[in-house]
Amino acid sequence: MDKTFNPQNIEQSRYQQWEEQGYFKASGEGEPYCILLPPPNVTGSLHMGHGFQQTIMDILTRYHRMKGDNTLWQVGTDHAGIATQMVVERQLNAAGQTRHDLGRDKFIEKVWDWKAHSGGTITSQMRRLGTSADWEREVFTMDDNLSAAVQEVFIQLYDEGLIYRGQRLVNWDPVLHTAVSDLEVLNEEEDGHMWHMRYPLADGSGELVVATTRPETMLGDTAVAINPDDERYQHLVGKQIKLPITGRLINIVADDYVDAGFGTGCVKITPAHDFNDYELGKRHDLEMINIFTPDAKINDNAPEQYRGLDRYDARKQIVADLEEQGLLVKVEPHKLKVPRGDRSGAVIEPYLTNQWYVAVESLAKPAIEAVEKGEIKFVPENWNKTYYQWMYNIQDWCISRQLWWGHRIPAWFDDADNIYVGTDEAAVRAKYKLDDSLTLRQDEDVLDTWFSSALWPFATMGWPQKTPELETFVPSSVLVTGFDIIFFWVARMIMMTQKFTGKIPFKEIYITGLIRDEQGNKMSKSKGNVLDPIDLIDGIDLESLVEKRTAGMMQPKLAEKIAKRTRQQFPDGIAAYGTDALRFTFTAMASTSRDINFDMGRVEGYRNFCNKLWNASRFVLMNTEEQDTGKNGGELELSLADRWIWARFQQTLIAFEAALKDYRFDLAAQAVYEFTWNQFCDWYLELSKPVLNSDASTDAQKRGTRHTLVNVLESLLRLMHPVMPFITEEIWQRVAPLCSLDDTRSIMLQPYPQVDAGLQDEQVVADIEWLKQVIVGVRNIRGEMDIAPSKPLSVLLKNASSEDKRRLQATDLLLTKMARLEQVTILADGEKGPASATAIVGEMEVMIPMAGLIDKEAELARINKALEKVKADFARTEAKLSNETFVSKAPEAVIAKERAKLDEFSTQMQKLNEQKETIENL
RNA sequence: GGACGCUUAGCUCAGUUGGGAGAGCAUCGCCCUUACAAGGCGAGGGUCACUGGUUCAAGUCCAGUAGCGUCCA
C-alpha cells in the first residue's frame with residue numbers, strides 16, 4: 001500500500017466494476033426500500049447541492065442494501081423545457097440561425113441531437129460521486145413511456161374537469177415569449193423610482209395625485225382607487241378622472257386593497273398589467289386594456305406616438321410628456337421588488353393570455369391530509385408548516401408554456417376554437433365523433449416541465465401499466481431534497497401520485513440545508529464563489545479555477561474582482577481531496593440547520609481522516625498479512641484491549657445506526673470519526689503493539705490480537721462503507737482474505753455489521769478507561785515538566801485500592817509500554833513516598849518522584865492551577881447541596897450525583913494540598 | 001405586513017426528556033517514537049446575542065428586545 005492515501009488511483013475503476021457487475025440493482029428480496037432521485041436538468045452539471053443530497057441518498061441506499069433490503073435508487077433526468085431550449089437556441093444563434101429558421105420539427109431534432117451528445121454530463125458526474133443508483137432503470141422525462149403517462153394524466157384530468165383553459169393574467173417572459181409559473185419568478189429588491197403624477201378630475205373640480213413605479217402602464221389604466229376609509233378622498237368616489245395623454249374617462253373606486261399610508265393614497269389601476277390591479281379590476285368589473293405586445297412593446301391599444309416603443313423607452317417618453325404638460329409632481333428614488341424570470345433574467349410582465357390550468361383545490365385536500373395524518377413526515381418536522389402555508393393558499397397551476405421543447409399539449413381546436421382532448425388526432429375524432437371534414441389543429445404549446453416531474457414517483461415505475469415495480473416501490477421510502485422545491489415539486493408529486501395511484505409517493509421527506517460559501521453567501525456565478533464538487537475531488541490549479549469562474553462574464557470589472565478574490569482564497573488552487581473526503585464532509589455537515597456554510601478546512605480535515613484510516617489499515621495489514629489471524633481456527637486469547645475495542649465498536653455501531661435512523665448524518669459521521677481516530681488509532685493500535693511485539697506473548701494471544709485487529713477493521717469498513725465507498729472497498733479487498741468470509745467480491749455485497757450483545761462489556765471499558773487515565777496522567781506530567789517522551793520513568797502508586805491493583809495487574813505490560821515506564825511500585829498503606837509530581841486517578845495517586853527530574857516551582861504552579869479548578873468545582877457543588885430547596889425538591893439521583901461529586905472534589909483538594917505542602921517543604 | 005429560522009471558542013458547527021459547556025479547523029509548546037508530519041503528545045481559548053420570567057436548577061422551556069437570514073404577500 002502507498003504511504004499516503006491516493007484517491008485518484010482507485011475511484012473510477014472501482015466504480016466501473018460495481019456498475020458492470022450490476023451491484024446497483026435491487027435484489028428483489030427483502031423489505032422494499034426505494035429512493036427517487038430528484039431528476040436533475042439534463043442540461044445541468046453537478047453542483048454542490050447535488051453533491052450534498054446525492055451523498056445522503058447514496059448513504060441511505062448503500063446502508064439499506066447492506067441491511068438486506070430490496071433497495072432501489074431510481075435515477076433519471078428532466079428535460080428542463082426552457083433551459084434546454086435556451087441552450088440549443090444559443091448554439092443556433094451562434095451559427096447565425098434562429099429556431100424559427102429551422103421550424104419546430106427540425107429544431108426538436110436538434111435538441112435530441114444535443115441531448116445525445118451532451119446530455120450525459122450530469123449523470124457521469126454523479127458516477128464520480130460514487131452514487132449507487134440503478135442506471136439500467138435510468139429514465140428521461142421525454143422518454144416514450146413517460147410521455148405516454150403525461151398524456152394519460154392530462155387527458156384524464158381534462159375529462160374530469162380538473163384541467164381547463166382560461167384567459168388570465170400570467171407571468172409573461174417577454175424574452176422567452178412564454179408564460180412561467182409564480183415559482184419561476186424571482187422577486188428581488190432593486191433601485192427604482194416612484195413617479196407622482198397628476199390625474200385631473202373629469203369635471204375640472206380638481207385633481208388627484210397618484211404614485212407609481214411604472215408610469216408607462218398609465219396607458220392601460222381603467223380606474224383610480226382609494227381606501228374607503230380615507231377621509232381625504234372619500235367624497236370623490238364615483239367621480240371620474242380624465243386620464244392624461246389618452247383622454248380616456250376612468251372611474252374613481254374605493255377598495256380596501258389600497259393602503260392609505262402608502263404613496264399618496266391614490267392608486268392607478270391597470271388590471272391588464274398588475275396582479276393586484278387585476279383582482280381589484282375583477283371586483284369592480286373594470287375594463288382590461290392590454291397595452292403590450294408579447295415583446296413588451298407598446299401595442300395598438302395605445303396612442304399612435306407610443307406604438308412600437310419598448311416598455312422602458314415608452315416610460316421615458318411618457319414621463320417627458322407628462323412633465324411637459326405639467327402633470328409630473330415629483331420623482332423619488334424608491335426600492336421595489338422587481339420580478340425577473342429565473343431563466344432569462346428578463347423583467348416579467350403580467351400579461352393577459354390564454355393558458356391551460358390545473359384546478360388544484362380538490363387535489364390539494366388529500367395531499368394536506370396525508371401530512372396532517374402523519375402518513376408523510378417531514379424531517380425536520382418543522383417544514384410541514386411551510387408546506388401547509390403553501391397548500392392552504394394554493395392557486396391554480398398554469399401548466400402551458402409557449403415553447404417547442406416539451407410534452408406537447410394533447411388538445412386540438414376546430415376553427416371555432418372548440419377544444420378536443422385525446423392522445424392523437426384520430427383518437428380525438430373517434431372520442432368526440434367528429435366529422436372527417438372538420439379541420440383540427442393541435443395546440444402549439446407544451447406542458448410545464450414540472451407537470452411531468454410531478455408524475456415521477458409512479459411514471460418511473462411503469463404507470464399506466466400495472467407493473468410489479470409500481471406495486472413494490474410506491475410509496476418510496478424517503479425523498480431527499482431541498483426546501484426550495486417543496487412547492488415546485490414535492491407538493492405536486494403528492495397530489496398527482498395520490499390522484500393516480502391512490503397511494504402516497506413517499507413516507508418521509510428529508511429536507512436538506514442549502515450549501516453556501518464559507519461566509520454564508522449563496523453560491524452563484526455572479527458572486528464568483530461557486531465550488532464545483534468535481535474540482536474538490538480531482539483538484540484544480542489556480543489559473544484554471546480563475547478561468548472557470550470568470551468565463552463568460554459580461555462585466556470585466558466583476559470578473560477582475562472575482563479573479564482577485566479567487567487568487568486570494570486559493571493561492572495554490574484546490575487540492576485533490578477525493579470523493580470519499582468530499583462525501584464525508586457533506587455527511588458531517590448534514591445537521592438540522594437550513595443553511596450550511598461550506599468550509600474548505602473541513603474537507604481537508606476529512607481528507608486527513610481518510611489518510612488516517614488508510615495508514616491504520618497499513619499497520620493492520622503489516623501485522624496480519626501472511627500471519628496467523630485465526631481465520632482457519634486455532635486458539636484465540638483476547639486481551640483486555642481486544643475486548644475493549646470490540647465493546648467500543650458495538651457502542652459506535654449503535655450510535656451510528658441510531659443517528660442514521662434520525663437522519664442525523666452529522667452525528668453519524670462524528671461517531672465514526674471519533675471511534676476511528678480517537679479510539680481505534682490512538683489507543684487500540686498502540687495497545688496492540690505490546691502484545692504483537694513481546695516475546696512473552698503466547699501464540700494464542702498474538703493470534704487473538706491479530707484476529708481482533710483485522711476483524712474490527714473489517715467490521716469498521718463495512719460500518720463506514722455507505723459514507724465512504726471507495727476507500728473502504730479498496731482496503732476491504734486487502735483485509736477480507738484475512739477474515740473468514742465466503743464472499744469477497746465486494747464490500748457492497750456484504751451484510752451490514754450487527755450489534756453483538758456478547759461483545760458489550762462495561763467492565764472492560766471501565767478498565768481501559770482507567771488505564772488511559774493513568775497513561776494520560778503520566779504524559780501530562782512529562783509534557784508540563786518538559787521530560788522527554790523517550791525517557792523511561794519510575795512511577796509510584798499511592799492509595800491504590802484492590803480494584804486499582806487488579807487493573808494494574810491486568811494492564812501492567814500495556815501501561816509500561818504506553819507510558820514508557822521502567823518501574824511501577826505500589827506504596828504500602830500509609831506510606832508517603834518521596835516528593836513527586838502527581839496525577840490523580842480516582843482515589844489513587846500516580847507519582848513521579850521529583851529527584852533530578854522535576855522543577856519545584858513548575859510543579860507548584862501545576863498543582864496550584866489544578867487546585868484552583870477543583871476549588872471552584874467544589875464551591876459550586878457545595879453551594880448547590882447547601883441549598884435546602886435543592887435538597888428537598890431535586891430528584892434523589894441528582895442529589896446523589898452531586899454528593900458523589902462533592903466527595904470526589906474534596907478528595908482531590910485534599911490530595912493536592914498534601915502534595916503542595918510536601919513540595920513546598922522541599 | 002405575514003410565516004419561519006439563526007445568534008455557543010478566532011473560524012465552521014454539535015449540544016437529544018432542563019441536572020458538571022463540546023468537536024473539527026486555526027493558535028501555542030514539545031517530538032522526524034519502525035501505520036500515518038495529511039502525523040504524535042500536551043496546552044491555552046467561551047457573560048452560550050441581550051433583558052425578564054418559570055424552576056431547587058436554564059445554552060436547553062416561556063415572553064420580550066436587538067442583529068442577521070429565508071420564504072410568502
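Chain letters run A, B, ... following the sequence lines, proteins first, then strands; residues in each count from 1. Quantities reported herein were computed from a predicted structural model and do not represent experimental measurements.
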- [ ] Would you confirm whether A:Tyr387, through its side chain, and A:Asn382, through its main-chain N or O, come within 3.5 Å as a donor-acceptor pair?
- [x]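 Pair absent, no side-chain N/O of A:Tyr387 close to backbone of A:Asn382.
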Could you check whether [X] gets within reach of a base, just the sugar-phosphate, or nothing at all, counting any heavy atom under 4.0 Å?
X        : value
A:Glu686 : base
A:Asn382 : sugar-phosphate
A:Cys681 : base
A:Val620 : nothing

G-U wobble or Watson-Crick pairing nucleotide for [N] (cut-off 3.5 Å, both distances):
N     : value
B:U27 : B:A43
B:A3  : B:U70
B:A38 : none
B:C13 : B:G22
B:U65 : B:A49
B:A58 : none

When you measure from the side chain of [X], which nucleotide among [options] comes out closest?
X        : options             : result
A:Tyr673 : B:G24, B:A3, B:G44  : B:G24
A:Asp682 : B:C56, B:C36, B:C41 : B:C41
A:Phe483 : B:A35, B:C25, B:U70 : B:U70

Salt bridge present between [X] and [Y] (N-O < 4.0 angstrom):
X        : Y        : value
A:Glu898 : A:Lys901 : yes
A:Arg602 : A:Asp599 : no
A:Lys889 : A:Glu884 : no
A:Arg168 : A:Asp396 : yes

Quick one: is [X] getting a side-chain N or O under 4.0 Å of the [N] phosphate, OP1 or OP2?
X        : N     : result
A:Asn780 : B:A43 : yes
A:Trp677 : B:G40 : yes
A:Lys522 : B:G69 : no
A:Asn608 : B:G39 : yes
A:Lys3   : B:C36 : yes
A:Asn883 : B:A57 : no

Open item on the list: Could you tell me how far apart A:Asp256 (CG) and B:G1 (P) are, to the nearest whole angstrom?
Closed with: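 Checked: the CG to P distance equals 19 Å.
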Task: Between B:G40 (P) and A:Arg779 (CZ): distance, integer Å - done: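 Nearest whole value for this atom pair: 11 Å.
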Please tabulate, one pair per line, each protein N/O and nucleotide N/O from nucleotides 30-34 of chain B that are separated by under 3.5 Å, including the distance.
none

Open item on the list: Does either side chain, that of A:Thr4 or that of A:Asp2, offer a donor lying less than 3.5 Å from an acceptor on the other one?
Closed with: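 Side-chain D/A pair, A:Thr4 to A:Asp2: absent.
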Open item on the list: Please tell me whether A:Glu508 and A:Tyr663 have a donor and an acceptor in their side chains that are separated by less than 3.5 angstrom.
Closed with: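 Their side chains do contain a donor-acceptor pair, which is all the 3.5 Å distance test asks for.
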Task: Non-hydrogen side-chain atoms of A:Asp666 and A:Met589 separated by less than 4.5 Å - done: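 No, every pair of side-chain atoms sits at 4.5 Å or beyond.
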Task: Note, A:Ile509 side chain near A:Val379 side chain (heavy atom, < 4.5 Å) - done: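 They are not in side-chain contact.
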Open item on the list: With nearest nucleotide decided by heavy atoms, which residue, A:Leu685 or A:Thr885, maps closer to the 5′ end of RNA chain B?
Closed with: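 The residue closer to the strand's 5' end, by nearest nucleotide, is A:Leu685.
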TODO: For A:Arg607 and for A:Arg594, find the nucleotide of RNA chain B with the closest heavy atom, then tell me which residue's nucleotide is more 5'.
DONE: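 Result: A:Arg594.
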- [ ] Look at the aromatic rings of A:Phe609 and A:Trp677 and report parallel, tilted or perpendicular, splitting at 30° and 60°.
- [x]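 Geometry flag for A:Trp677 against A:Phe609: parallel rings.
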Close N/O contacts between protein and nucleotides 12-19 of chain B (under 3.5 Å):
from  : atom 1 : to       : atom 2 : distance (Å)
B:C13 : OP1    : A:Asn597 : N      : 3.1
B:C13 : OP1    : A:Asn597 : OD1    : 3.4
B:C13 : OP1    : A:Asn597 : ND2    : 2.9
B:A14 : OP1    : A:Ser591 : OG     : 2.5
B:A14 : O3'    : A:Arg664 : NH2    : 3.1
B:G15 : OP1    : A:Arg664 : NH1    : 2.7
B:G15 : OP1    : A:Arg664 : NH2    : 3.1

TODO: Can you establish whether the number of heavy atoms outside A:Lys817 located under 6.0 Å from its atom NZ is more than 12?
DONE: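 No, the 6.0 Å shell around NZ holds no more than 12 heavy atoms from other groups.
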